[in-house]
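Reading through the structure tokens given below for one structure.
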Amino acid sequence: MSTYDNDNIFAKILRGEIPSFKVYENDDTYCFMDIMPRSDGHCLVIPKTPCRNMLDATPAQLAACMATVNKVANACMTAFGADGITLQQFNEAAGGQEVFHLHFHILPRHDGQRMRPAGTMGDMDAIKGHAEAIAKAMG
Ligand code: 5GP
């Protein structure tokens with residue numbers, strides 16, 4: 001497995017070098033919107049400290065991410081009147097990973113609705129509104 005690359009896109013987002021639509025943050029994790037959302041409200045939870053994925057993450061990094069996933073996912077249920085949540089997490093290219101900083105996808109789902117195909121840029125105004133709706137539901 002390769003080593004962590006400090007110039008991956010999510011490291012740049014954490015350093016504020018690339019903009020993102022923030023949903024939530026605490027000392028250990030950051031949650032922001034995916035710019036190619038596969039469902040309305042599709043967001044990502046990442047640790048603030050470096051690791052490529054689940055395979056090299058520490059128990060503390062994983063625990064911190066899961067606590068934030070739990071919080072944000074429940075807020076998504078409220079914000080979008082969702083019927084469920086899909087949680088996705090990919091490890092290395094063969095596992096479907098494209099950005100090599102650990103991240104968990106939170107995808108609000110509705111009965112009978114398929115996820116949109118990957119790789120289509122979303123509408124930035126809509127994504128901004130979704131970030132605000134999730135943040136508001138977190139209180
Ligand atoms: P994965 O590595 O789990 O396959 O997916 C990486 C995710 O990052 C994709 O869902 C993609 O849409 C998202 N993504 C790629 N580049 C950016 C970016 O610059 N900003 C944000 N917010 N998301 C991105």
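For clarity, every value in this text was computed on a predicted model and none was experimentally measured.
With sequence neighbours left out, Ile35 forms a side-chain contact (heavy atoms from CB on, under 4.5 Å) with Met121, Met124. Under the salt bridge (charged side-chain N to carboxylate O under 4.0 Å, His left out) criterion, Lys48 pairs with Glu25, not counting sequence neighbours. With sequence neighbours left out, Arg52 forms a side chain to side chain donor-acceptor pair (under 3.5 Å) with Glu92. Considering only residues two or more places apart in sequence or on other chains, Ala64 meets the side-chain contact (heavy atoms from CB on, under 4.5 Å) condition with Asp28, Thr29. Under the rule for a salt bridge (charged side-chain N to carboxylate O under 4.0 Å, His left out), Asp34 has no partner lying at least two apart in sequence or in another chain. Residues passing the salt bridge (charged side-chain N to carboxylate O under 4.0 Å, His left out) test with Arg109, sequence neighbours excluded: none. Not counting sequence neighbours, the partners of Arg15 by the salt bridge (charged side-chain N to carboxylate O under 4.0 Å, His left out) test are Asp7, Glu17. By the ring pair (Phe, Tyr, Trp, His ring centres under 6.0 Å) test, Tyr30 pairs with Phe32, sequence neighbours left out.
Applying the ring-ring contact (aromatic ring centres under 6.0 Å, His included) rule to pairs touching residues 36-82 yields His42-His105, Phe80-His130, sequence neighbours excluded. Screening residues 70-83 for side chain to side chain donor-acceptor pair (under 3.5 Å) gives no qualifying pairs among residues at least two apart or on separate chains. Sorted by first then second residue, the salt bridge (Lys or Arg N to Asp or Glu O under 4.0 Å) pairs that include residues 116-131, not counting sequence neighbours, are Asp40-Arg116, Lys128-Glu132.
Summarising the hydrophobic clusters (Ile, Leu, Val, Met, Phe, Trp, Tyr; side-chain heavy atoms under 4.5 Å, direct or chained), the residues clustered with Tyr4 are none.
The CD1 atom of Ile127 lies 11.0 Å from the SG atom of Cys43; values are rounded to the nearest 0.5 Å.
At a threshold of 4.5 Å between non-hydrogen side-chain atoms, the residues Phe104 and Leu87 count as touching. For the pair Asp5 and Phe100, the minimum side-chain heavy-atom distance is 4.5 Å or more.
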